[in-house]
Amino acid sequence: QIHLIPFDDREALLAAVADLPDDVARVALELPLRANLSALDNIALIPLYQRHYDAAESVRQARAILDQLGHAEIALLRDPDMTPAQRFVTQLARALILKRPRLVIDRPGAMLYDVPYPAFIRQLAAQDGMTGTWEIFDFSWNQALYKE
């Protein structure tokens, strides 16, 4: 379930991001990947350090989320070798592996300039097993892009 949350100006958007509670998973340009790690390792860091799973289980969970998103082929790519869409999928997987009920995608156009991003996000959200509420924080002048 995807909801567009439109903002009329940058200050209002930034204030809304700053007010997000800690139990929200977030995908944003200012939450970059570790450039020296593969997509799989970037994702596996979350269960490894936040949930204290061992390395094998963390990698298994990371691989499973990439499979679920339909992008298992990017597992071994490092950030410099990824397209913007592949980088976004990795960031999204890193947020989804937190298993929080609410996901905020902050200004996706800044990250997804190589694909028609509203359709790309809808395609990812439609994958089997995607749950929770996905919110897109974007500027009001981009609302027309989200019309199906």
Side-chain angles (χ1 to χ4, degrees), residues 1-7 13-14 16-139 142-148:
Q1 185 173 0
I2 298 176
H3 302 284
L4 174 65
I5 313 297
F7 293 89
L13 191 148
L14 293 176
V17 167
D19 288 341
L20 288 171
D22 290 338
D23 67 341
V24 173
R26 188 167 156 245
V27 179
L29 188 61
E30 58 272 357
L31 298 173
L33 301 176
R34 304 275 314 246
N36 62 322
L37 298 179
S38 68
L40 191 66
D41 291 338
N42 264 285
I43 301 161
L45 284 176
I46 303 303
L48 183 69
Y49 289 107
Q50 290 199 4
R51 296 222 166 92
H52 307 292
Y53 284 106
D54 64 29
E57 176 59 18
S58 296
V59 168
R60 186 200 67 73
Q61 288 181 23
R63 195 175 305 281
I65 197 101
L66 281 175
D67 287 343
Q68 187 178 15
L69 288 168
H71 289 273
E73 75 284 354
I74 70 170
L76 299 180
L77 295 177
R78 291 180 326 115
D79 184 292
D81 304 321
M82 292 182 198
T83 66
Q86 291 169 333
R87 189 172 298 111
F88 179 84
V89 168
T90 305
Q91 292 172 304
L92 177 64
R94 193 174 58 182
L96 291 172
I97 206 163
L98 291 167
K99 297 182 176 156
R100 294 185 176 159
R102 185 174 168 208
L103 169 75
V104 170
I105 301 171
D106 182 0
R107 294 166 286 171
M111 296 175 280
L112 285 169
Y113 48 86
D114 63 332
V115 295
Y117 61 91
F120 186 71
I121 293 169
R122 278 193 298 273
Q123 176 190 14
L124 292 168
Q127 298 298 315
D128 286 340
M130 290 298 135
T131 60
T133 301
W134 292 28
E135 295 176 10
I136 298 174
F137 283 23
D138 207 343
F139 296 113
N142 286 332
Q143 281 182 284
L145 298 174
Y146 294 93
K147 304 279 189 235
E148 287 189 41

Pairwise distance CZ(Arg51) to NZ(Lys99) - rounded to 0.5 angstrom: 6.0 Å
Fit a plane to each ring of Tyr146 and Tyr117, take the angle between them on a 0 to 90° scale, and name the class: parallel (under 30°), tilted (30 to 60°) or perpendicular (over 60°). perpendicular
Pair Met111, Val27 - check side chain to side chain contact (heavy atoms under 4.5 Å, CB included), show working. CA-CA 9 Å; Met111 296 175 280; Val27 179; 4.1 Å; yes
Can you tell me how far the CD atom of Glu135 sits from the CZ atom of Arg26, to the nearest 0.5 Å? 12.5 Å
Straight-line distance of Leu37 CG to Leu45 CG, nearest 0.5 Å: 5.5 Å
Close side-chain approach of Leu69 to Met130, heavy-atom, < 4.5 Å: yes
Looking at Arg100, I'd like to know if its CZ atom is crowded, meaning that more than 12 non-hydrogen atoms belonging to other residues, nucleotides or ligands lie closer than 6.0 Å. yes
How about Leu76 and Asp81: do any of their side-chain heavy atoms sit closer than 4.5 Å? no
For a 4.5 angstrom cut-off between non-hydrogen side-chain atoms, does Leu13 reach Asp106? yes
Here the pair of heavy atoms bringing Ser58 nearest to Pro47 is OG-C, 3.6 Å
For a 4.5 angstrom cut-off between non-hydrogen side-chain atoms, does Leu4 reach Gln143? yes
Backbone N or O of Glu57 within a donor-acceptor pair of the Asp54 side chain at under 3.5 Å? yes
To the nearest 0.5 Å, what is the distance between CG on Leu96 and CG on Leu66? 10.5 Å
Nearest heavy-atom neighbours spanning Leu112 and Ala85: CD2-CA, 3.6 Å
Which value, rounded to the nearest 0.5 Å, describes the distance between Gln61 atom CD and Leu40 atom CG? 11.5 Å
Sequence neighbours excluded, which residues qualify as salt bridge (charged side-chain N to carboxylate O under 4.0 Å, His left out) partners of Arg107? Glu30
Donor-acceptor pair, distance only, cut-off 3.5 Å: does the side chain of Gln68 make one with the backbone of Asp128? yes
How about Leu33 and Arg94: do any of their side-chain heavy atoms sit closer than 4.5 Å? yes
Ala25 versus Ala95, closest heavy-atom pair with distance: CB-O, 3.4 Å
Kindly say whether Asp79 contributes a backbone atom to a donor-acceptor pair with the side chain of Arg87 at under 3.5 angstrom? yes
Check whether any side-chain heavy atom of Leu124 sits under 4.5 Å from a side-chain heavy atom of His71, and report yes or no. yes
Please find the pair of heavy atoms, one from Ile105 and one from Trp134, that lie closest to each other, and give the distance. CD1-CE3, 4.0 Å
Closest non-hydrogen atoms of Ala39 and Ile74, given as atom of the first, atom of the second and distance, are CB-O, 3.3 Å
For Arg102, does the CZ atom have more than 12 heavy-atom neighbours from other residues, nucleotides or ligands under 6.0 Å away? yes
Tell me, do Phe120 and Val89 make a side-chain contact under 4.5 Å, heavy atoms counted? yes
For Asn42, what residues pass the side-chain hydrogen bond (donor to acceptor under 3.5 Å, both in side chains) criterion, not counting sequence neighbours? none
So OG1 of Thr83 and CG of Asp114: to nearest 0.5 Å the spacing works out to 5.0 Å
